[in-house]
A.B. asks: 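Have a look at this one.
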There are 4 protein chains.
Amino acid sequence: MPTSRTNPGPAAAARNRSALLEAAHAVFAESGTAAPLSSIARRAGVGQGSLYRHFPDRVSLVAAVVEENVDELEAASAAGADLPDLLGLVTRHAIESVGVVDLLAEDRPRRMLQLRERVAAVLAAHHEAALAAGQVPQGATVEDLMLGVELVAGALTRRPAGERAAMAVRSWRLLGMAVALPEGVR
Amino acid sequence: MPTSRTNPGPAAAARNRSALLEAAHAVFAESGTAAPLSSIARRAGVGQGSLYRHFPDRVSLVAAVVEENVDELEAASAAGADLPDLLGLVTRHAIESVGVVDLLAEDRPRRMLQLRERVAAVLAAHHEAALAAGQVPQGATVEDLMLGVELVAGALTRRPAGERAAMAVRSWRLLGMAVALPEGVR
Amino acid sequence: MPTSRTNPGPAAAARNRSALLEAAHAVFAESGTAAPLSSIARRAGVGQGSLYRHFPDRVSLVAAVVEENVDELEAASAAGADLPDLLGLVTRHAIESVGVVDLLAEDRPRRMLQLRERVAAVLAAHHEAALAAGQVPQGATVEDLMLGVELVAGALTRRPAGERAAMAVRSWRLLGMAVALPEGVR
Amino acid sequence: MPTSRTNPGPAAAARNRSALLEAAHAVFAESGTAAPLSSIARRAGVGQGSLYRHFPDRVSLVAAVVEENVDELEAASAAGADLPDLLGLVTRHAIESVGVVDLLAEDRPRRMLQLRERVAAVLAAHHEAALAAGQVPQGATVEDLMLGVELVAGALTRRPAGERAAMAVRSWRLLGMAVALPEGVR
DNA sequence: GATGAATGAGCCTTCATTCAT
DNA sequence: TATGAATGAAGGCTCATTCAT
């Protein structure tokens, strides 16, 4: 007897994975990283079991979301963005995936550190030019840039969606770092 | 099926209240503000019911913890501390009660705003002198000081206890604000 | 050292008892007989302990409320009321203390049966006259009257306050028993 | 700390649902509709979570129990039962599911009213014939029949199982309505 | 490989009851 | 004797995780 009803079979694997990622993105942004995993599966239109197959634990899911962001960051860098653009992009990610930071912090060792290195590498590539252009404070190191990112992202966590962009702008200004928010960030 | 063992009577009231506060302090610092309330009661050696009598909801408990901190801050200010001292004190509070910020942010309306105002008032009283002494960046407003506090406190949330002091020091330096950590802050 | 603060001393005993009764009356009517005993104590302005001294358990309290009603019924009978008046009075009690019936039913043996006998005696005293006046169905016995009371009172339990009087009137009519609701019963 | 023992898988779904219904039936009858839901789950040999999946709240469960009864009533009507038979069936339901009435009364709006209408429709279909046969008092309307049902069912709530049948019979007689209890009703 | 139901641990909250003062 | 805080058992509900189909 064949599959009775709704069982798309293996073909759905890839489709499911990306639906889950997208759903996780949205749910984490709306309800924080403590949101029920079941709500992500539901939103993705996918069974609980499939969620577990693709992402064995909560952190995997968060890491995957972050990885997408880092990919995008690297792409922007390769496409010629400058430091303010890149900080703006990071800020957008922080605004949209608020809370994702929280969770990664807890399981840092493996995944997180690699991701962090990739971000640092991107920023490092623009460090010199930014210093020269006065877009960051004199004497600021790459680690300072990373610290700035962490400070800003962390603060956004505790703000309602509507206030995040303004909060980020004020924070970057206080840090003396130039940032160019992407179009459409509210 | 009520009382099973001893009933210390109302005499325990004050003792219980402070035991609960202390336990909350510790538990929130260790496990964040989402920690089980039952763990706080247990750690305080107090019944669940008593916890609820003293603090009808999670936010009451958090607010009480913060209030203690603000009291201490005002006392320090009255005792002649300068801005770096006060930022140092705030930093100690942030290090020890990490996570408390989280919860207050969500229920901001009443309690939090008042507490926030009290902190702002304390910092405002030292703003002029700090500017004159070059302890904060030129042009920094009182709101900038508050933003600095928020950025630093927020970042500590995601750090294991052992790294917090160092993280705070680096952050304050990046912000260009002088801070004098109290003795014994690890 | 004398009593520190609010401790009226033994003088309050009688006062407390009646305050508790009144509060119980009101609370049972509003929230049913399952209402927290603490809410009764609070409403009476009396400590929990005192409530327990006067009424060692929930049923005692209910029984006391009912006893008041029966007293009033006997008084009305002695004052010359006829059966429809008395049924009306019983109905008022049922409307106001809805739910009291429920609880008595569970602990019937002692208290309840005695109370029940007193009601039956009152109705019996008017049975003949009521039959003669056609106020009850031909052939109705005193036990039938009691059954009627039970049916009506039971049905009111499940009705919101506003509908009870109308419900009672319909029910008595269906039972073929004349009833004269007291003034002011809504 | 999730599943500890066996997980029968979805195959158990239907089995669980009916086990829950049956358990609810029994528990509500024995202990009233305020009985712990956990006791129902336990009796059904089903996890707490499954109970909540099948019946998200107490009322759902009660409604499902009542619905079964109404289904049976309609079936009996379709099968040629007359009014006394149907009242007898209703009486059996009331005897066995005592207390179910209570809960429905509180959440009347949606579900209950529909169920009530279905019962009324069944009785209405036999009203004429019953009047003609003298099985109900002259002039009794369908609403009077419904009121009778409510009075009888309500009274049974407060009686121990062993006395219910006799109580019902006396009540119906007092109401002047003929009732034929099904075989085996104790 | 997907599905979705089952499971039960665990947290929150309420409340009856006791008892030191 | 009154007071009111303390206590903890118990019930409601949620959710991470497993697993038969």
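A quick note: this is a predicted structure, and the numbers were derived from the prediction, not measured. Letters A, B, ... are given to chains in the order of the sequence lines, protein chains preceding strands, and every chain is numbered from 1.
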A.B. asks: My understanding is that only residues two or more places apart in sequence, or in another chain, count here; which of them pass side-chain hydrogen bond (donor to acceptor under 3.5 Å, both in side chains) with D/Arg17?
C.D. replies: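 Result, side-chain hydrogen bond (donor to acceptor under 3.5 Å, both in side chains) vs D/Arg17: none returned.
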A.B. asks: What residues from residues 45-55 of chain A pass a heavy-atom cutoff of under 4.0 Å to DNA chain E?
C.D. replies: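 Contacting residues: A/Val46, A/Gly47, A/Gln48, A/Gly49, A/Ser50, A/Arg53, A/His54.
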A.B. asks: Look at the side chain of C/Ser18 and the backbone N and O of C/Arg15, then say whether any donor-acceptor pair between them is shorter than 3.5 Å.
C.D. replies: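 Side chain of C/Ser18 to backbone of C/Arg15, a donor-acceptor pair under 3.5 Å: yes, one is there.
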A.B. asks: Can you name the residues that form a side chain to side chain contact (heavy atoms under 4.5 Å, CB included) with D/Ala41, not counting sequence neighbours?
C.D. replies: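 Counting only residues at least two positions away or on another chain, D/Ala41 forms a side chain to side chain contact (heavy atoms under 4.5 Å, CB included) with D/Gln48, D/Leu51.
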A.B. asks: Find the distance C/Leu20:CG to F/dT1:P and express it as a whole number of Å.
C.D. replies: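 Rounded to the whole Å, the gap is 16 Å.
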A.B. asks: Closest-nucleotide mapping onto DNA chain F: is B/Asn16 or A/Ala35 further toward the 5' terminus? I mean the 5' end.
C.D. replies: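 Nearest-nucleotide comparison on DNA chain F picks B/Asn16.
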A.B. asks: Nearest-Å distance, CZ (C/Arg15) to C1' (F/dA2)?
C.D. replies: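 The distance from CZ of C/Arg15 to C1' of F/dA2 comes to 11 Å, rounded to the nearest Å.
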A.B. asks: Output the rounded distance in Å from CG (A/Leu37) to C1' (F/dT18).
C.D. replies: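 Atom-to-atom, A/Leu37 to F/dT18, this comes out as 14 Å.
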A.B. asks: State which residues pass salt bridge (Lys or Arg N to Asp or Glu O under 4.0 Å) with C/Asp71; sequence neighbours excluded, sorted by chain then number.
C.D. replies: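 Testing C/Asp71 for salt bridge (Lys or Arg N to Asp or Glu O under 4.0 Å), a comparison that skips the adjacent residues, returns C/Arg118.
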A.B. asks: Name the stems that DNA chain E belongs to, where each is three or more consecutive Watson-Crick or G-U pairs with both distances under 3.5 Å?
C.D. replies: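 E:2-21 with F:2-21 - these are the stems of 3 or more pairs that involve DNA chain E.
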A.B. asks: Could you tell me which residues satisfy side-chain hydrogen bond (donor to acceptor under 3.5 Å, both in side chains) with C/Glu30, sequence neighbours excluded, listed by chain and number?
C.D. replies: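 In terms of side-chain hydrogen bond (donor to acceptor under 3.5 Å, both in side chains), with neighbours along the sequence ignored, C/Glu30 is linked to C/Arg43.
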A.B. asks: Quick one: side-chain hydrogen bond (donor to acceptor under 3.5 Å, both in side chains) partners of A/His93, sequence neighbours excluded?
C.D. replies: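 In terms of side-chain hydrogen bond (donor to acceptor under 3.5 Å, both in side chains), with neighbours along the sequence ignored, A/His93 is linked to A/Glu72.
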A.B. asks: Let me know the distance between CZ of C/Arg58 and C1' of E/dT14, rounded to the nearest Å.
C.D. replies: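 Value for this atom pair: 12 Å.
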A.B. asks: Taking atom C1' of F/dG4 as reference, at what distance in whole Å does atom CD1 of C/Ile40 sit?
C.D. replies: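 It works out to 17 Å between those atoms.
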A.B. asks: Sub-3.5 Å donor-acceptor pair from the side chain of B/Arg42 to the main-chain atoms of B/Gly47, do we have one?
C.D. replies: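 No; zero donor-acceptor contacts below 3.5 Å.
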A.B. asks: At less than 4.0 Å, is any side-chain N or O atom of B/Ser38 found next to OP1 or OP2 of E/dC12? Yes or no.
C.D. replies: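 Yes, B/Ser38 has a side-chain N/O under 4.0 Å of OP1/OP2 on E/dC12.
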A.B. asks: Rounded to whole Å, please give me the gap between CZ in C/Arg43 and C1' in F/dG4.
C.D. replies: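 Taking atom C1' of F/dG4 as the reference, CZ of C/Arg43 is at 20 Å.
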A.B. asks: What residues, two or more places apart in sequence or in another chain, satisfy side chain to side chain contact (heavy atoms under 4.5 Å, CB included) together with C/Ala153?
C.D. replies: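 Residues passing side chain to side chain contact (heavy atoms under 4.5 Å, CB included) with C/Ala153: C/Ala94, C/Val101.
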A.B. asks: Test of understanding: with side chain to side chain contact (heavy atoms under 4.5 Å, CB included), list the residues that count as partners of D/Glu68, not counting sequence neighbours.
C.D. replies: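 For D/Glu68 the side chain to side chain contact (heavy atoms under 4.5 Å, CB included) partners, ignoring immediate neighbours, are D/Leu21, D/His25.
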A.B. asks: Find the distance D/Arg42:CZ to F/dG12:P and express it as a whole number of Å.
C.D. replies: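 The answer, rounded to whole Å, is 10 Å.
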